[in-house]
Structure formats: structure tokens, C-alpha cells
Amino acid sequence: MSTSTSSSLNAGPTTVPGLPAPVQSQPQVDPDTAVTGPASPRRALVLGGGGSTGNAWLIGVIAGLFDAGLDVTTAELTVGTSAGSTAAAQLACATPTELFDAIVASAPPEPADHVRSGRVGPGARPVVDQMERTGNIMNASTDMADMRRRLGAAAIDMAEAMKGSSARWRATVATRLPQAQWPDRNILLTAVDARTGDPVIFHRHSRVDLVDAVAASCASGFAYRIGSNQYIDGGYRANAENADLAAGYSRVLVLAPFGGRTRTPLEWGMHLSGQVDALRANGSQVETVFPNNESEHMFGVNAMDLSLRPSAARAGFQQGQALAPQLADFWG
């Protein structure tokens with residue numbers, strides 16, 4: 001499939017309130033994954049952030065593709081950000097079908113009067129409050145570097161007020177992963193150093209436990225501590241997808257629960273479409289997949305609603321099944 005058809009898979013990225021903000025940084029990569037020169041005949045799978053429902057949707061899409069005969073977990077590189085980091089770690093240790101079935105079977109049932117398209121669910125208040133806090137910081141920032149330093153400082157203050165938050169979060173993340181050890185795969189998980197605002201890329205040679213790497217990548221409210229260092233959500237590195245880390249790979253598939261959108265000014269250049277353009281300019285074929293219009297209400301402010309996980313997974317599964325014939329030739 002020609003990359004020019006990717007626009008038919010989803011709508012283009014826009015600036016919309018309520019989505020994680022990206023930050024500018026230079027990639028730091030696993031030496032085993034580094035690719036220089038022209039695009040190599042290797043494939044990269046990029047899993048974007050998107051909260052609890054985003055994680056379920058990612059698993060659903062990949063399970064739907066798998067069910068239709070297309071296994072994208074065979075990618076030579078997987079990039080995971082926030083909820084995508086959890087999915088990357090899960091998919092390296094279990095089959096897409098196993099993970100999809102577990103979401104559908106174990107997640108709490110959706111109430112009969114639950115949120116529908118265009119509505120905000122009853123559990124959205126913490127997300128809305130977090131958006132307001134981070135939005136105020138973004139408005140006061142002069143550029144991306146300033147923004148992520150300010151966000152890091154606020155997250156450190158939050159961690160100090162929430163005694164034991166890192167230990168509790170680590171225990172929660174550990175329950176979500178099929179195994180605690182890094183798999184023998186090229187996986188890059190993004191985060192940001194809360195003290196300096198510098199980008200951080202975790203991989204199997206980082207001397208950081210997989211559980212800690214995932215927990216750091218998903219730390220959106222408070223700063224997560226690993227030893228003497230503290231980290232915040234990888235979505236603040238470049239954007240919720242961090243697709244630039246797939247530079248040099250010939251085929252790049254980006255799954256973006258938040259639809260490639262950004263809360264930062266477009267002139268800061270942090271939108272996904274800019275990264276996609278840069279990848280293509282350097283010889284990569286790129287396809288992006290976003291949630292369809294019927295399932296958009298399950299993301300954004302409702303992204304942490306656990307009762308929506310089964311619906312998000314099923315919506316992703318249906319998209320994956322439908323897209324498999326189009327993506328088969330592209331993936332190879």
C-alpha cells in the first residue's frame with residue numbers, strides 16, 4: 001500500500017485541549033536499534049500514549065490485525081510512550097489474543113447509563129483537573145524546554161505531597177505486566193527527567209528494571225522515583241507518540257489513541273504530522289492509525305475510565321480487522 005493512502009485510515013492531527021503535551025528533544029537510542037544512512041529494510045511499531053482506554057485500544061487494534069493474519073509484533077523496533085509503553089511491554093511477553101481476551105474478560109462492566117459520544121463520564125474529574133494544572137503551566141512556558149522543566153518541578157512537588165506514591169505506582173504497574181524482565185527485543189520506552197527536563201529513553205541495556213521504565217513513562221501526575229532520579233510521562237518528550245525514534249526504519253506503523261493531537265502551539269512543531277513528514281522525507285514509509293469517530297469519546301477526558309476498557313479494546317479490534325488487508329502489503 002502506498003504511504004499516500006494513510007490519510008484514508010484516519011483524520012489529520014489537530015490542536016485540541018485535553019491531551020498530553022509533547023516536548024522537543026534529541027533521541028537517545030539503544031545502540032542495537034540505531035539505524036544510520038538510508039532507511040533500512042526494517043519495521044518499527046510506534047505505540048502512543050492514551051491512558052487506560054488508550055492501552056486497551058492499542059491491544060485491540062493489534063489483536064484485530066493478528067486475528068486477520070497480520071502480526072505487527074514482529075517489528076524490529078517497538079517504541080512505547082506512556083500507555084503505549086505498557087502495551088509494548090505486554091506485547092513482548094504475551095500474544096495479542098491473550099491480552100485482548102484478558103481486557104474483555106476482567107475489566108469492570110460498563111454501566112447502562114455510561115458516557116456516550118460527546119459526553120464526559122463520571123470518572124473524568126481527576127483527568128480534567130490534571131489538564132487544568134498542566135494547561136496553566138503550558139500557558140506560562142516560553143518554549144518546550146521551559147515547559148517540561150516546569151512540569152517536572154510541579155510533579156516533584158506532587159510526589160513530595162504524596163508520600164509513598166512511587167512504591168504504590170510501581171506495585172500497580174507490576175500487576176499489568178506478564179513478566180518483570182526486559183524481553184530480548186528492541187524496545188524503547190520514553191520518559192522525561194523531572195529535575196532537568198531532559199529526555200530519557202529506557203531500553204534493555206539501561207540498567208533499569210522493566211517495571212520501573214514503564215512506571216516512569218506513565219507518570220503523568222507525580223514524579224516517579226528510580227534511585228535518586230525522578231521522571232515524568234514520556235508524552236512530554238516530543239509528543240504522545242514519539243515517532244521520531246523510528247528514524248531510519250523503512251516501514252513505520254504508528255498507533256495513536258489521541259489521534260496525533262497536541263496541546264502545545266503548532267509553531268513549537270511538536271505535532272505528530274511533523275514527525276511523520278520528517279520520517280517520509282528520509283525514506284520511511286509511514287502509516288498512522290487513529291480511533292474512529294464512533295470511539296473518540298472513550299479517550300481524552302475519559303481515558304482513565306476503567307469501565308470503558310472493554311469497549312475501547314473491541315473498537316480497536318474491529319479497526320484492526322478492517323485495516324489488515326490495507327496494511328498487509330505495507331508491512332510486508
Side-chain angles (χ1 to χ4, degrees), residues 27-35 40-50 52 54-67 70-103 106 169-191 199-219 224 226-227 231 233-234 237 241-243 245-249 251-255 257 313 316 320 331-332:
Q28 304 170 20
V29 302
D30 180 339
D32 288 350
T33 72
V35 179
S40 76
R42 297 199 289 176
R43 301 160 300 178
L45 175 65
V46 177
L47 305 177
S52 184
N55 169 266
W57 178 82
L58 290 168
I59 297 298
V61 171
I62 294 171
L65 292 171
F66 187 79
D67 183 73
L70 181 59
D71 184 6
V72 297
T73 68
T74 58
E76 284 73 25
L77 170 69
T78 301
V79 177
T81 295
S82 197
S85 72
T86 306
Q90 291 169 326
L91 289 161
C93 310
T95 70
T97 302
E98 291 170 338
L99 295 170
F100 173 77
D101 289 345
I103 293 172
S106 64
W169 182 229
R170 190 184 196 283
T172 297
V173 171
T175 65
R176 299 173 178 173
L177 305 184
Q179 70 179 44
Q181 296 76 35
W182 283 91
D184 188 21
R185 292 190 185 186
N186 290 329
I187 298 175
L188 304 182
L189 305 182
T190 65
V200 177
I201 307 300
F202 294 112
H203 48 76
R204 68 183 188 275
H205 302 304
S206 297
R207 299 181 181 178
V208 170
D209 288 347
L210 177 62
V211 175
D212 282 326
V214 173
S217 186
C218 296
Y224 180 77
I226 304 177
Y231 302 92
D233 195 292
R237 175 196 166 272
E241 294 79 28
N242 292 297
L245 292 175
Y249 285 76
R251 285 159 288 170
V252 181
L253 177 61
V254 182
L255 306 185
W331 194 247

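In this text, all values refer to a predicted model and were calculated from it rather than measured experimentally.
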Side chain proximity check, [X] to [Y], heavy atoms < 4.5 angstrom:
{"X": "Leu255", "Y": "Ile62", "answer": "yes"}
{"X": "Thr73", "Y": "Arg185", "answer": "yes"}
{"X": "Pro96", "Y": "Asp67", "answer": "no"}
{"X": "Val211", "Y": "Leu177", "answer": "yes"}
{"X": "Thr78", "Y": "Leu47", "answer": "yes"}
{"X": "Leu65", "Y": "Val61", "answer": "yes"}
{"X": "Leu188", "Y": "Phe202", "answer": "no"}
{"X": "Val79", "Y": "Leu189", "answer": "no"}

Does Asp209 have any salt bridge (charged side-chain N to carboxylate O under 4.0 Å, His left out) partners at least two apart in sequence or in another chain, and if so, which? Arg170
Using a 3.5 Å distance criterion without hydrogens, assess whether the side chain of [X] forms a donor-acceptor pair with backbone atoms of [Y].
{"X": "Ser217", "Y": "Ser82", "value": "yes"}
{"X": "Trp169", "Y": "Ala215", "value": "yes"}
{"X": "Glu241", "Y": "Ala243", "value": "no"}

Run the side-chain contact (heavy atoms from CB on, under 4.5 Å) test against Thr74 and tell me which residues pass, sequence neighbours left out. Arg43, Asp71, Trp331
Could you tell me the separation between the [atom1] atom of [X] and the [atom2] atom of [Y], rounded to the nearest 0.5 Å?
{"X": "Leu45", "Y": "Tyr249", "atom1": "CG", "atom2": "OH", "result": "12.0 Å"}
{"X": "His203", "Y": "Leu245", "atom1": "NE2", "atom2": "CG", "result": "11.0 Å"}
{"X": "Trp57", "Y": "Ile103", "atom1": "CH2", "atom2": "CD1", "result": "12.5 Å"}
{"X": "Phe66", "Y": "Thr95", "atom1": "CZ", "atom2": "OG1", "result": "6.0 Å"}

On a heavy-atom basis, which atom in [X] and which in [Y] lie closest, and how many Å separate them?
{"X": "Cys218", "Y": "Ala83", "value": "SG-N, 4.1 Å"}
{"X": "Gln181", "Y": "Leu210", "value": "O-CD2, 3.4 Å"}
{"X": "Ala219", "Y": "Tyr224", "value": "CB-CB, 3.8 Å"}

Between Tyr231 and Asp212, is there a side-chain donor-acceptor contact under 3.5 Å, judged purely by atom types and distance? no
Any luck finding a side-chain donor-acceptor pair between Thr81 and Thr190 under 3.5 Å? yes
Side-chain atoms of residues 86-94: list all donor-acceptor pairs with protein atoms under 3.5 Å, sequence neighbours left out, distances to 0.1 Å.
from  : atom 1 : to     : atom 2 : distance (Å)
Gln90 : OE1    : Asn55  : ND2    : 3.2
Gln90 : NE2    : Arg176 : O      : 3.0

